[in-house]
Structure formats: structure tokens, C-alpha cells
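Report on the structure given below.
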Amino acid sequence: MWCVADQHESPRPEPGPNLPERPRTAEIVDAEVVESEVVETDAPARPQQPAADDAEFRQYQQFLEFQKFREWQQSQDGDVAVPPPAAPPAAKPETPKKAWWKRALGLLRYKLVRRLIYLLLALLLLNYLYNSLMTSWFGSSGGENGTTNTGIPADSVPVKSTNPQQAVRSVYNYLRGAGPERTCDLFDTDGKSGFAGAHQAPDCATAARQVHEQITDPNAYANPKFDHNAVTEIGQEAQVLGCRVQVNGGPRLGTFKLTKQPDGGWAISAYALQADSCGG
């Protein structure tokens with residue numbers, strides 16, 4: 001087939017030394033595909049935000065929301081009131097305390113407390129009985145209910161004692177009292193004469209007042225201490241040796257001879273300042 005050339009087509013230049021060479025088509029070289037290993041690297045750990053920063057961030061957001069609410073409230077000319085804060089919870093009412101006497105009675109439930117109370121009452125009762133007994137025997141101090149400051153009633157009359165030792169103790173007790181002459185009622189006729197003569201007095205009452213003036217401690221004088229062999233009792237007669245009686249607060253008396261009366265009491269029938277039996 002014949003080809004017709006286009007008149008407007010410019011002629012193709014022939015290759016020459018001045019023209020560049022055409023690019024050569026790349027030659028495909030057999031190559032082996034090599035699978036490369038992909039090394040995965042750990043991404044840098046993201047630092048954790050501390051809890052304190054989160055709390056501050058939340059507070060900051062709350063503050064921003066509160067600011068926005070205030071601005072919106074001001075834009076509404078303050079018609080919207082801020083809700084009042086919640087009232088604190090009501091305090092729990094205190095239980096009223098029991099009266100002190102109710103709490104004290106509650107202690108009686110314990111056996112130990114009851115035993116201590118019983119023991120205290122027993123001690124008080126024994127103390128009362130002891131004081132009553134000592135008062136009835138030796139008298140007590142005080143000036144009430146018609147008694148003198150030595151514990152002896154002003155209008156009392158000596159009573160015959162039921163034993164020789166008690167009779168001599170009554171002599172000491174009445175001599176220290178306000179009316180020492182009443183001591184003579186403990187003597188019979190012979191005993192009064194012997195007591196007056198021993199103290200070189202005209203009568204028993206005068207001798208009793210002389211002894212009373214020598215007493216310095218009435219309470220101590222009214223409680224003489226008798227030795228175990230101070231009293232000798234034989235049948236209807238008895239003897240109390242003054243040298244075997246310990247006396248404080250005044251002069252020590254002599255030896256008493258006592259005789260038992262028909263009514264059962266003992267009366268002082270003789271008196272002497274010294275006795276031969278006290279020599280040893």
C-alpha cells in the first residue's frame with residue numbers, strides 16, 4: 001500500500017551527532033524479591049495525669065459553669081434566685097441523763113456492792129454499841145441533857161455496883177465529876193470514916209473535894225487500868241489494891257475493902273492509902 005505524506009507535517013530529523021540520543025528502554029533484570037522484616041517499635045508511653053490534676057480540672061470546670069450561670073443570672077436582671085444551701089442535718093437529740101440517786105441505786109445490782117454496804121452497817125452498829133456501853137460504864141464528856149462536862153448527870157445518885165472492880169472504877173468516875181461529894185454514896189458508914197481519915201479531912205465529902213482538886217485530866221482519870229491480880233474476892237468480901245491500879249490524870253487512891261449487900265451490890269466498907277500486900 002502506498003502512503004501519502006501530509007504536506008503540513010514537518011519532516012522528522014535524522015539522527016546525527018548534534019542531536020541527543022533517544023532514551024533507551026530500561027532493561028528488566030531478573031531480580032529476586034526479598035521479604036524484609038518489619039520491626040515494630042513500641043510507641044512512647046503516654047504519661048498518666050495525676051489524680052490531683054484531674055480534681056483541679058473538674059473544679060475549674062465547675063467554676064466556669066458557675067461563672068456562666070452568674071452571667072446568665074445577671075443578664076436576666078437577677079430575677080432568678082440562687083437556690084439556698086441545703087440545711088445541715090438535724091442533730092440527734094441527746095438522751096437525758098438519769099438522776100444521781102437512780103444511778104446509785106443501780107449499783108445495788110452488784111453483789112460486791114451489797115456486801116460492802118452490809119459490812120459498813122455492821123461496823124456502824126458495833127461502834128454505836130461500843131460507845132453506848134462505854135458511856136454507861138465510864139460516862140462521857142459533854143454538857144447536854146442535864147449532864148456535866150464530865151458526863152455525869154448533875155442530879156444522879158450512885159448505884160451500888162454488881163462487882164468489886166466496877167465499884168472502885170465508879171469512885172474514880174465520880175471524883176472527877178462536878179459533884180465529887182456524891183462519891184461518898186458508894187461507901188457505907190465505916191468506909192466514909194476511913195476515906196476521910198486517910199485524906200486527913202473532917203468528913204468524906206471534904207476528902208472527895210480535896211482529891212477532885214488534884215485531878216488534871218478528868219477523862220483519863222475516870223478510866224483506871226486494873227492489873228490481873230488487883231482484885232481479890234472471897235465469899236461476901238473483896239479487896240482491890242490501889243498499888244496494882246494504873247491511874248492517869250490525877251492521884252492514885254489506896255486500897256478498898258468491899259462487902260456484898262443483900263441487894264447484890266457491893267459497898268466500900270474500909271479504905272486505906274497503903275496495904276501490906278503491895279510490898280512485893
Side-chain angles (χ1 to χ4, degrees), residues 136-141 146-227 229-280:
S136 62
W137 281 3
F138 313 122
S140 60
S141 60
T147 61
T148 63
N149 57 355
T150 57
I152 303 175
D155 55 351
S156 65
V157 177
V159 179
K160 297 295 188 297
S161 302
T162 58
N163 61 77
Q165 180 175 327
Q166 185 61 37
V168 175
R169 191 186 298 275
S170 297
V171 172
Y172 283 92
N173 188 31
Y174 277 96
L175 285 174
R176 60 100 183 217
E181 61 277 358
R182 288 176 295 170
T183 307
C184 298
D185 294 335
L186 300 173
F187 296 79
D188 62 9
T189 303
D190 295 337
K192 292 178 182 178
S193 298
F195 188 75
H199 292 280
Q200 300 178 0
D203 53 31
C204 178
T206 303
R209 285 191 290 269
Q210 291 177 357
V211 175
H212 174 77
E213 292 175 355
Q214 302 176 41
I215 297 174
T216 58
D217 188 348
N219 292 330
Y221 193 73
N223 295 281
K225 308 298 181 183
F226 293 82
D227 294 343
N229 56 353
V231 181
T232 304
E233 184 177 349
I234 303 175
Q236 301 294 319
E237 293 183 350
Q239 185 182 42
V240 180
L241 300 176
C243 58
R244 295 177 181 173
V245 179
Q246 301 178 13
V247 181
N248 295 318
R252 183 170 61 180
L253 302 179
T255 298
F256 296 85
K257 180 182 178 181
L258 300 96
T259 304
K260 193 171 185 179
Q261 304 299 308
D263 59 357
W266 291 81
I268 301 173
S269 56
Y271 176 82
L273 287 179
Q274 294 180 353
D276 296 338
S277 57
C278 288

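Predicted model, so just to flag it, every value in this text is computed and none were measured. Numbering starts at 1 and runs along the sequence shown.
To the nearest 0.5 angstrom, N163 atom CG is 10.0 Å from K260 atom NZ. Within the model, atoms CG of L241 and OG1 of T232 stand 6.0 Å from one another, a figure rounded to the nearest 0.5 Å.
Residues Y221 and H212 have side chains that never bring a donor and an acceptor to within less than 3.5 angstrom of each other. Side-chain contact of T206 with D203: a donor-acceptor pair under 3.5 Å is present, judged by distance alone.
Taking the side chain as every heavy atom from C-beta outward, E233 and W266 approach each other to under 4.5 Å. Side-chain atoms of I268 and K192, non-hydrogen and from C-beta on, never get closer than 4.5 Å to each other. Here the side chains of V245 and V168 are not in contact, with every heavy-atom distance at 4.5 Å or above. Using a 4.5 Å cut-off on side-chain heavy atoms (C-beta onward), N248 and K225 make no contact. In this structure, V240 and F226 have side chains that are in contact, with non-hydrogen atoms separated by less than 4.5 Å.
Using the six-membered ring where Trp is involved, Y271 and F187 have ring planes that are perpendicular, over 60° apart on the 30 and 60° scheme.
Although no hydrogens or angles enter the test, the distance criterion places no donor-acceptor pair under 3.5 Å between the side chain of R176 and the main chain of I215. Panel note: side chain Q200, backbone A198; no donor-acceptor pair is recorded below 3.5 Å. No donor-acceptor pair closer than 3.5 Å links the side chain of R169 to the backbone N or O of N223.
Heavy-atom minimum distance, S269 versus D190: O-CB, 3.4 Å. Across R244 and N229, no two heavy atoms sit closer than the pair NH1-O, 3.2 Å.
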